[in-house]
Amino acid sequence: MTQERDYLDFLEYGRMLADNTLKSIAHDFEMFKSILGVDLETANRRDVEKFVIEQNKEKLSTATVARRIASVKGFFQWQIENEYREGLNPAQGKIAPKVKHDSFKSIGIETLKEVYHQAPTKELKTMIALMGYGGLRLEEVATVSIDNFVYRDDNGVLAIDLKNTKGDRPRKVSLALVPDQELVERVCNRGFIGQRGKLSTNGVWRRVRDYLSSKGLKKVSPHDLRATFATMLANNDVNHVVIRDMMGHTTLNGNAITSIYVTTTSVEDQAQEVLEKMEGVLWKNIV
């Protein structure tokens, strides 16, 4: 147990992982121990294989199983590097299931306008705005006002400083395309999403998904709003570097080598680019 605590302290203060990420890893450790009844510090390869088998019997998603294996694998590697464990990493190699990712689809600008403007609450409207008009991920939306803060850039345009992000890669994103900027700013600063224990990533997903279903969009995922945002930018010739930075991707057109030589864009530059290319398209014929 001491090693587990030391490892989590290292992740928190050494790697500066976000609170939600740390809680997820600690929960994965508890699941490993409760399912197998063994000490994580002395677990072996057979224990890890049994862990996978037992979770698959419960018909957990491949993403959940893969994430849990990644959590214990990281702990085992830390043990090896700190000489608490000898030999190979017990979770190394082909053991976790391969996660299948469904392709996401754009719902189109006009449908986005409709679901945004007809949203029944300010909170739901803000969620849709952050994903559909800002390109944020679900977990980034869920932590607004805890780790992710909205603010005004040097030109007075709404932006967000994202600290809690996928892969722990902070970025600043312009929210220049959000239709009702004052509303989004007010709701986010009030902490409607980010209050601890109030609304998780799954909570955001359920609210948006239920609303989309009520609009007849039963096959549309909340993540499709983010896909709609990216598609809108690409279809209107927004600079690919701006799209990369706003979406939080690490490569430029899939080319990691090229991408490392391209300077990160400021929120002011993002706003200028997207407003120049999108303004006439986005707000004409608003429902």
Side-chain angles (χ1 to χ4, degrees), residues 16-21 112 115-116 119 121-196 198-201 203-205 207-208 222-234 238-250 263-279 282-283:
M16 302 296 289
L17 295 190
D19 287 346
N20 288 347
T21 304
L112 175 62
V115 297
Y116 172 77
T121 67
K122 295 176 181 178
E123 291 76 15
L124 186 57
K125 182 173 284 190
T126 298
M127 295 178 200
I128 294 170
L130 292 175
M131 289 186 281
Y133 292 98
L136 271 62
R137 298 180 175 93
L138 282 165
E139 59 269 27
E140 294 167 348
V141 174
T143 50
V144 169
S145 83
I146 293 180
D147 303 301
N148 303 318
F149 299 90
V150 296
Y151 68 101
R152 295 280 175 167
D153 69 19
D154 290 343
N155 295 320
V157 179
L158 198 65
I160 187 164
D161 188 354
L162 294 168
K163 301 296 186 185
N164 186 358
T165 66
K166 183 178 180 180
D168 296 295
R169 294 186 291 269
R171 72 185 191 279
K172 293 182 179 180
V173 177
S174 176
L175 298 177
L177 297 183
V178 169
D180 300 311
Q181 302 218 337
E182 292 77 12
L183 169 67
V184 171
E185 185 175 25
R186 263 195 328 272
V187 174
C188 288
N189 285 336
R190 195 176 73 231
F192 84 100
I193 296 173
Q195 292 180 356
R196 295 183 186 276
K198 293 294 184 181
L199 197 60
S200 65
T201 300
V204 175
W205 187 91
R207 287 197 183 187
V208 176
H223 199 91
D224 291 335
L225 298 176
R226 176 171 151 90
T228 300
F229 175 76
T231 303
M232 289 192 306
L233 300 189
V238 171
N239 188 293
H240 288 173
V241 177
V242 170
I243 298 176
R244 177 202 65 180
D245 292 345
M246 296 186 79
M247 299 297 291
H249 293 158
T250 57
T263 304
T264 301
T265 58
S266 68
V267 288
E268 289 81 9
D269 288 341
Q270 292 173 15
Q272 180 179 349
E273 173 71 8
V274 297
L275 287 174
E276 178 182 327
K277 300 290 178 62
M278 294 292 300
E279 190 167 18
L282 203 55
W283 290 299

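Heads up: numbering here begins at 1 and tracks the sequence.
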- Item | Results of side chain to side chain contact (heavy atoms under 4.5 Å, CB included) for K125 - residues two or more places apart only | Y116, A119, D180, L183
Measure from the side-chain N and O atoms of [X] to the backbone N and O of [Y], and report whether any donor-acceptor pair falls under 3.5 Å.
| X | Y | result |
| --- | --- | --- |
| R152 | V157 | no |
| N148 | K163 | yes |
| Q270 | A176 | no |
| E185 | V150 | no |

Would you compute the distance between atom [atom1] of [X] and atom [atom2] of [Y] and round it to the nearest 0.5 angstrom?
| X | Y | atom1 | atom2 | value |
| --- | --- | --- | --- | --- |
| L233 | E273 | CG | CD | 9.0 Å |
| S174 | I160 | OG | CD1 | 11.0 Å |
| D153 | L175 | CG | CG | 9.5 Å |
| L112 | M131 | CG | CE | 10.5 Å |
| L130 | L225 | CG | CG | 11.0 Å |
| T265 | D245 | OG1 | CG | 3.5 Å |

- Message: Could you work out, with salt bridge (Lys or Arg N to Asp or Glu O under 4.0 Å) as the rule, every residue matching R186, not counting sequence neighbours?
- Response: none
- Can you find a heavy atom in the side chain of P222 that is under 4.5 Å from one in the side chain of V204? no
- Task: Hey, could you give me each pair passing salt bridge (charged side-chain N to carboxylate O under 4.0 Å, His left out) that has a residue in residues 133-142? Not counting sequence neighbours.
- Result: R137-E140, E140-R171
Closest approach of [X] and [Y], non-hydrogen atoms and distance?
| X | Y | answer |
| --- | --- | --- |
| L136 | R226 | O-CD, 3.8 Å |
| V115 | I128 | O-CD1, 3.7 Å |
| F229 | G132 | CB-O, 3.4 Å |

- Please test V274 against M246 for side-chain contact (heavy atoms from CB on, under 4.5 Å), starting from the C-alpha separation and ending with a verdict. CA-CA 10 Å; V274 297; M246 296 186 79; 3.8 Å; yes
- Task: List the steps and the verdict of side-chain contact (heavy atoms from CB on, under 4.5 Å) for D161 and V173.
- Result: CA-CA 7 Å; D161 188 354; V173 177; over 6 Å; no
- Query: Should we say atom CD of E268 is surrounded by more than 12 heavy atoms from elsewhere, each under 6.0 Å from it?
  - Reply: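 Atom CD in E268 is crowded, with more than 12 foreign heavy atoms closer than 6.0 Å.
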- Task: I would like to know whether Y133 and V184 meet side-chain contact (heavy atoms from CB on, under 4.5 Å); could you show each step before the answer?
- Result: CA-CA 11 Å; Y133 292 98; V184 171; over 6 Å; no
- For the pair D154 and S266, evaluate side-chain contact (heavy atoms from CB on, under 4.5 Å) and give the outcome as yes or no after the intermediate values. CA-CA 10 Å; D154 290 343; S266 68; over 6 Å; no
